[in-house]
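Please read these numbers as outputs of a predicted model, since none were measured by experiment.
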Amino acid sequence: MSSTHWRPLIEGELIPRAEDAVRAIADALAPRSLGADGDWSARLPVSVTTAQALFYGYLARSAQADAGLYAERADQLLERSFELVASTPMPPILHGGFTGVAWTAEHFTRVLGDATQEPGADDANEEVDECLLTMLAAPYTGHYDLISGLAGFGVYALERADRPVARRCLEAIVDRLHETAEVRGDVVTWFTPPELLPPRHREQHPRGHYNLGVAHGVPAVIGLLADVCRLEIRAERARPLLEGAVHWVLSQRLSDRRGARYPASIAPEMEVRPSRLAWCYGDPGVAATLLYAARAVGVEEWARAALDIAVHAAGTAPEDSGVQDVGLCHGAFGLAHLYNRIYQASGDERFATAARLWYQQGLDMRRPERGIAGFESWEFGADGKLGWVSDRGLLTGAAGVGLALLAGLTSVEPQWDRLMMVAIPPRR
């Protein structure tokens with residue numbers, strides 16, 4: 001599954017360090033000593049089983065040794081994910097819910113070449129499609145975002161966009177985005193009311209807010225709408241929403257300064273302050289989704305704006321970034337992967353340099369005696385306090401770290417990052 005345009009970026013003395021980290025993650029997530037028929041996946045939540053399935057699936061396609069073992073691990077984890085969907089009540093969300101499991105299964109079949117899918121076999125995701133269509137009926141009062149809402153449902157449907165029912169899902173998503181949008185002249189945005197905010201954020205924004213992060217805000221909607229326009233689905237509604245949302249995001253840019261130029265969110269009672277640099281919130285994520293959208297619909301003006309944001313972010317010193325840990329969401333390897341993606345899409349060596357810097361930063365944070373293969377996450381624990389935790393998942397954990405390292409080490413294009421709305425196509 002090597003790509004004609006994706007090139008390995010990690011080089012020199014970083015190669016053996018990165019390869020060692022990948023091997024350590026592979027063994028830590030599913031130790032060999034448990035055997036192929038062990039119960040090592042039995043106690044994992046679905047967000048972790050799907051993340052680890054992706055890691056082992058890509059590792060199997062990248063590895064010169066033990067590819068069969070890693071493929072078997074991936075199959076076991078995907079099977080465990082289906083078992084959890086069947087036996088455990090869970091939300092329909094993309095990250096941590098049953099559409100995430102369905103997306104992973106579809107990705108295995110279409111991208112990772114799942115040989116177990118027989119031609120003409122029953123479509124295991126048809127029930128998910130029908131469930132989404134029912135949920136997407138008006139009126140819609142849920143989230144619009146990537147993690148938990150409409151944008152995330154759209155990512156799942158895009159993976160199956162050649163199927164009529166998936167296109168109907170995308171049509172319904174555009175309709176719901178149209179109904180819930182705030183239109184002010186030539187700008188369009190979406191508001192998150194306080195009842196949809198988690199308690200900690202509700203305390204900070206008791207009247208709700210406008211979100212500028214990819215994980216929970218407007219940038220991911222921009223990426224989704226661009227793909228919908230590319231596919232000519234509800235274009236008469238999707239294109240004005242897309243253009244208005246891009247204008248809104250670009251209009252939120254703060255004055256030139258060190259560090260970030262974009263806030264995480266905007267609320268009536270809140271002083272507007274720049275975000276840290278990250279995928280979930282901050283300039284690199286905003287830049288990546290804008291470039292993704294620009295390439296999808298062929299708007300060079302948006303591409304120039306995205307690359308300008310990205311160049312400024314890439315020139316930010318680590319001490320000014322706000323980065324504290326390693327994960328894809330808001331850590332060192334997240335920045336490494338974003339800059340790698342932007343480099344592969346643009347050919348600008350400044351992003352290659354920035355990506356290598358952040359790969360090194362992430363590897364320097366590794367402490368082999370701690371966490372998962374030496375990697376820990378700085379997160380809120382069960383007690384509501386920030387601290388170092390061992391995390392096996394995709395966005396904040398070791399599976400995501402492993403996937404980012406594979407993207408830097410191999411010629412296998414990391415199409416798993418469609419889940420993050422940053423799978424920027426190469427320049428035409």
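Other residues, nucleotides and ligands contribute only 12 or fewer heavy atoms inside 6.0 Å of the CD atom of Glu127. No more than 12 heavy atoms of other residues, nucleotides or ligands sit less than 6.0 Å from atom CD of Glu232. Heavy-atom contacts from other residues, nucleotides or ligands closer than 6.0 Å to CZ of Arg350 number 12 or fewer.
Salt-bridge annotation for Glu413 and Arg341: present, with a side-chain N of the basic residue lying under 4.0 Å from a carboxylate O of the acidic one. Glu19 has no carboxylate O lying under 4.0 Å from a charged side-chain N of Arg17, or vice versa, which leaves the two without a salt bridge. A salt bridge does not link Arg168 with Glu171: none of the charged nitrogens is closer than 4.0 Å to a carboxylate oxygen. Salt-bridge formation is detected for the pair Arg366/Asp20: a Lys NZ or Arg NE/NH1/NH2 atom is positioned less than 4.0 Å from an Asp or Glu carboxylate oxygen. Under the 4.0 Å criterion applied to side-chain N and carboxylate O atoms, Glu301 and Arg304 are not assigned as salt-bridge partners.
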Would you be so kind as to tabulate the donor-acceptor pairs closer than 3.5 Å made by side chains of residues 146-157, with sequence neighbours excluded?
unit_1	atom_1	unit_2	atom_2	d
Tyr156	OH	Asn125	O	3.4
Tyr156	OH	Asp129	OD1	2.7
Tyr156	OH	Arg160	NE	3.2

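Applying the side-chain hydrogen bond (donor to acceptor under 3.5 Å, both in side chains) rule to pairs touching residues 235-250 yields Asp175-Arg237, Arg239-Glu243, sequence neighbours excluded. Applying the ring pair (Phe, Tyr, Trp, His ring centres under 6.0 Å) test to every pair with at least one member in residues 207-244, sequence neighbours left out, gives these pairs: Phe191-Tyr210, His205-His209.
When side chains are defined from C-beta on, Thr88 does not count as touching Val46, because their heavy atoms never get closer than 4.5 Å. For the pair Leu132/Cys169, a side-chain contact is recorded, criterion being any heavy-atom separation below 4.5 Å from C-beta on. Looking at heavy atoms from C-beta onward, Glu376 lies out of side-chain contact with Asp325 at the 4.5 angstrom threshold. Side chains of Leu328 and Val401 form no contact here, defined as non-hydrogen atoms less than 4.5 Å apart. Side-chain contact check for Tyr262 versus Leu277: every heavy-atom pair is 4.5 Å or farther apart. Leu177 places a side-chain heavy atom less than 4.5 Å from the side chain of Tyr144.
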- Task: Tell me, with the steps shown, if Trp416 and His337 meet ring-ring contact (aromatic ring centres under 6.0 Å, His included).
- Result: CA-CA 12 Å; Trp416 52 263; His337 184 71; 4.7 Å; yes
- salt bridge (Lys or Arg N to Asp or Glu O under 4.0 Å) assessment of Arg253 paired with Asp283: CA-CA 9 Å; Arg253 174 173 164 171; Asp283 297 12; over 6 Å; no
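A donor atom on one side chain and an acceptor atom on the other are found under 3.5 Å apart for Asp391 and Thr396. In this structure, a donor-acceptor pair under 3.5 Å is absent between the side chains of Tyr56 and Asp75. One side chain, Arg418 or Gln415, offers a donor N or O that lies under 3.5 Å from an acceptor on the other.
Under the side chain to side chain contact (heavy atoms under 4.5 Å, CB included) rule, Phe351 has a single partner from Val311, Asn340, Leu9, which is Val311.
Pairing each heavy atom of Ala294 with each of Trp302, the nearest pair is CB-CB, 3.7 Å.
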